[in-house]
Amino acid sequence: MATGDEAVRPLGATAARPRATFADREGLLAPLFLLPAIVYIIALVAVPFLLALGFAFSDVTAGDPSFDWVGLANFEAIFDDPVFWRSLRNTLVFTVIAMVLIVVLAKALAMILIADFRFKRLIRFFVLLPWTTPIALAAVAWLWMLDSIYSPINWVLRSLGLLEDNLYWLGKDNLAMASVIAVHVWRIVPLAAVIIMAGLISIPDDINDAAEIDGAGFWRRLWEITIPLNLPVIAVATLFGAILTFTDMTVVYILTRGGPENATQVLPSYAFFKGIGGGDLAQGAAIALFLFPLLLAATIAVLRSVRKMETF
Amino acid sequence: MADTALPVADRGYVERARRQGRVRAGLGRVAVYLLAIVAALVAAAPFIWGTITAFKHDADLYNAQNNPFVFNLEPTGQHVTFLFDETQFLTFAANTLWIGLLVVAITLAVGLPAAYSLARLNMPWAGPLGIAIFFVYLIPPTLLFISLTRVVAILGLQDSAWSLVVIYPTITIPVSVWLLMGFLKAIPRDIEEQAMVDGYSRLQAFVRVVIPLALPGIVAVVVFAFTLTAHEFIYALAFISPSASKTISIGVPTELIRGDVFFWQSLQAAAILVAVPIAFVFNLLLERFITGFTMGAVKG
């Protein structure tokens, strides 16, 4: 198993060490070192996942924890529930719009951050704030930013004469959805930009320099060199952002609680309100399970772009 | 390639091109500064507004006609003192701290050997296993929190902060193993081999040589893992209801918002007090995070 290493080690070294105890046997040490991590993940990720699958086919509630098989009854109930369809649709709309915005803005932000200028550290500090702040607290800050009466955004718009009455950022269907998406994009873009930045740094300077000397302008270089070479990294950053977006319920929970009238309800928040709020663990689990196909698709996409990245 | 493309003979052309380039670069610099400032303002907007809010009197704040960005009345610190004296903010902060530190300890104890095993011990399947562990990070709490409430109940940890100590490593271990793999791969193999030639066993080489060398990376992982626990919301919200056991993440939004009464100034003060130190430490270590993440993907 450890042939590569054995071959490197000079023969005399083995002789110098009198006892080759288990502390030296890589074949034993390697799995032993890995075991705790694997056990932890199996016990508290894999088992709960299977348990969640089981819940979805049972009648478990918070009040009556006994497990009875009910087949597809939960799914039938969910499919008859208009709020579920609304949440599913919202989740998809939300993810697609957020993804597009994240790619464009993160790419732009990465190119700004990579440029040389003074006060770079200070700018970087501010730009990374959305991502480093605990989501719940950032959402609380936004809740105040988007207040129906005292929102400073409304005040600015009013002062500029662009607005007669206040905008109810979180009170109107489309506006609430837009606000939730905006907060998500605001939060994820710095992370995506940092990932893309790492990719940008890895593009050798001479490729760009050569193209510049050949007369390629900024946009031409952007479209024909930077973006193609950077594509796998951009893909990874985007999908990461997408997963973090569509599986999160914190922003919705704090900003709107899914309201008004479920206009911003997404699968994770609906699963939470049903499962923990309403105590119907079985239905909550069944709703959350609908995240899985989305998640699987995203994961496969990430894997494929990672493989592409390794080959080039 | 570049040489052949450059028109050599025409000096005037070269001069002109150079001047044009300089003007364009100058414009480019202005654009970069402008964009950088806009990006910083957008990113920091809620925090800037929050900082102003935190020091305002009620009479100043709750007057829709007042310019919200200036102090129409003298600034006051009373809402910040309220946060410390009249709310459980310090309890939440203490909870976040000790839970985070224990989780970091568990993460390192489990993650370091695993990362070493994957990065160095020539295991078959090490590559795919590493990626598999990383993908566990992408399994969202939203998929697991309902069944985990049952697991927590079976363990007898409902409403106890200890439930978070047990569950949070499932979030931190996968990322940390990936990061640590990156840092361990960056250490030259010769150094360990030399240590083993000098009579250390593999285990001793790991503990006495590799770990000290990986220390900068380990510090980065400690910060990253701690931040992840401080960020977590769903598990804490689902598992814990007594306010004395809450973390900052759930304590501030659930306890400082009482029904329809919002302590806006104190809420904003709380957000800033947590956001700024975390952002500061993160910025110090940003380069190291990037190295760790990208090195993890490099074949050792």
Side-chain angles (χ1 to χ4, degrees), chain A residues 2 4-5 8 13 16-17 23-24 26 29-30 33-34 36-37 40-41 44-45 48-49 51-52 55 109 112 115 117 123-130 132-137 140-142 144-145 149-150 152 155 198 210 213-214 243 247 249-250 254 268 275-276 281 284-285 288 291 299, chain B residues 1-2 5-6 32-33 35-36 39-40 43-44 46-47 49-50 64 68 110-111 113-114 116-117 121-123 135-136 138-140 142-144 146-148 151 167 169-170 173 177 193 197 199 201-203 230-231 233-234 238 249 252-253 264 267-268 271 274-275 278-279 282-283 290 294:
Chain A
D5 226 48
V8 174
R17 272 182 286 115
D24 269 311
E26 283 185 11
L29 218 53
F33 268 23
L34 202 55
Y40 217 113
I41 288 169
L44 293 173
V45 178
F49 181 70
L51 203 58
F55 275 17
L109 184 61
I112 295 171
F117 55 90
I123 296 277
R124 211 175 69 177
F125 175 85
F126 283 123
V127 166
L128 288 183
L129 265 177
T132 56
T133 306
I135 314 160
L137 298 181
V140 164
W142 272 104
W144 178 226
M145 212 39 198
I149 304 171
Y150 303 107
W155 186 86
I213 291 168
D214 288 347
I243 292 173
T247 61
M249 57 150 267
T250 315
I254 289 177
I276 305 294
L281 297 178
L291 288 170
T299 309
Chain B
M1 182 169 84
L6 200 67
V32 165
Y33 273 99
L35 288 172
F47 302 104
W49 171 228
V110 175
Y116 186 69
S117 168
L121 292 180
N122 301 307
M123 282 238 304
F135 273 106
V136 173
L138 295 181
I139 297 176
T142 5
L143 210 60
L144 302 177
I146 287 177
S147 47
L148 275 175
V151 174
I167 301 297
T170 59
I173 287 173
V177 167
E193 268 151 22
V197 169
S201 69
R202 185 98 214 192
L203 195 63
H231 275 221
F233 182 76
I234 302 169
S249 228
V252 171
W264 280 120
L267 274 169
Q268 299 310 315
V274 176
I278 294 182
F282 232 90
N283 270 280
I290 294 178
T294 43

Novice: So which of L291(A), I135(A), V45(A), L109(A) has the biggest tally of heavy-atom pairs under 4.5 Å with chain B?
Specialist: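 Ranked by contacts with chain B, first place is V45(A).
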Novice: Evaluate the side-chain proximity of V274(B) to P134(A): yes if any heavy-atom separation is below 4.5 Å, no if none is.
Specialist: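 Yes, side chains in contact.
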Novice: When rounded to the nearest 0.5 angstrom, what distance separates CZ in F47(B) from CZ in F126(A)?
Specialist: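 Interatomic distance, F47(B) CZ to F126(A) CZ, rounded to 0.5 Å: 11.0 Å.
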Novice: Does any non-hydrogen side-chain atom of T170(B) lie less than 4.5 Å from one of I41(A)?
Specialist: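 No - every pair of side-chain heavy atoms lies 4.5 Å or more apart.
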Novice: Considering only heavy atoms and a distance below 4.5 Å, find which of S249(B), A230(B), P46(B), A114(B) pairs most often with chain A.
Specialist: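 With the most close heavy-atom pairs to chain A, the winner is P46(B).
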Novice: Should the heavy atoms of other residues, nucleotides or ligands under 6.0 Å from OH of Y150(A) be counted, would the total exceed 12?
Specialist: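 Counting other residues, nucleotides and ligands, OH of Y150(A) exceeds 12 neighbours.
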Novice: Taking every heavy-atom pair that is under 4.5 Å apart, which of A288(A), A141(A), A37(A) has the most such pairs with chain B?
Specialist: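 With the most close heavy-atom pairs to chain B, the winner is A141(A).
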Novice: Any idea which of P169(B), G111(B), G50(B) has the most non-hydrogen atom pairs under 4.5 angstrom with chain A?
Specialist: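 The candidate making the most pairs under 4.5 Å is P169(B).
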Novice: Determine whether a donor-acceptor pair (N or O, by modelled atom type, separation under 3.5 Å) exists between the side chain of H231(B) and the backbone of T132(A).
Specialist: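 Indeed, once roles are kept as given, a pair shorter than 3.5 Å links the two residues.
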Novice: Counting only heavy atoms closer than 4.5 Å, note whether F55(A) contacts chain B via side chain, backbone, both or neither.
Specialist: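 Contact with chain B is through the side chain of F55(A) alone.
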Novice: Taking the six-membered ring for Trp, are Y116(B) and F33(A) parallel (under 30°), tilted (30 to 60°) or perpendicular (over 60°)?
Specialist: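 Answer is tilted, since the angle falls between 30° and 60°.
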Novice: Taking atom CZ of F282(B) and atom CG of L129(A), what is their separation to the nearest 0.5 Å?
Specialist: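 Result: 12.0 Å between the selected atoms.
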Novice: With only heavy atoms counted, which part of L44(A) is less than 4.5 Å from chain B, the side chain, the backbone, both or neither?
Specialist: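 Both backbone and side chain of L44(A) come within 4.5 Å of chain B.
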Novice: Please check if the side chain of S147(B) supplies one atom and the backbone of P48(A) the other of a donor-acceptor pair under 3.5 Å.
Specialist: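 Yes; judged by distance alone, with no hydrogens or angles, the pair exists.
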Novice: Counting only non-hydrogen atoms closer than 4.5 Å, does L51(A) touch chain B with its backbone (N, CA, C, O), its side chain (CB onward), both, or neither?
Specialist: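 For L51(A), heavy atoms of backbone and side chain both lie under 4.5 Å from chain B.
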Novice: If you count heavy-atom pairs under 4.5 Å with chain B, which of A115(A), G284(A), P130(A) comes out on top?
Specialist: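 Heavy-atom pair counts peak at P130(A).
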Novice: Donor-acceptor pair, distance only, cut-off 3.5 Å: does the side chain of T142(B) make one with the backbone of T247(A)?
Specialist: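 Judged by distance alone, yes, a pair lies under 3.5 Å.
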Novice: Going through the checks in order, is the side chain to side chain contact (heavy atoms under 4.5 Å, CB included) test met by I112(A) and Y33(B)?
Specialist: CA-CA 9 Å; I112(A) 295 171; Y33(B) 273 99; over 6 Å; no
Novice: Nearest 0.5 Å, please: how far is CG in L267(B) from CH2 in W144(A)?
Specialist: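 If we round to the nearest 0.5 Å, W144(A):CH2 and L267(B):CG are 10.0 Å apart.
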Novice: I278(B), L143(B), I173(B), V32(B): which one forms the most heavy-atom pairs within less than 4.5 Å of chain A?
Specialist: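 Max contact count across the listed options: L143(B).
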Novice: Among V110(B), I146(B), N283(B), which has the most heavy-atom pairs under 4.5 Å with chain A?
Specialist: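 Ranked by contacts with chain A, first place is N283(B).
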Novice: Report yes if the side chains of L148(B) and F49(A) come closer than 4.5 Å at any heavy-atom pair, otherwise no.
Specialist: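 Contact flag for L148(B)/F49(A) side chains = no.
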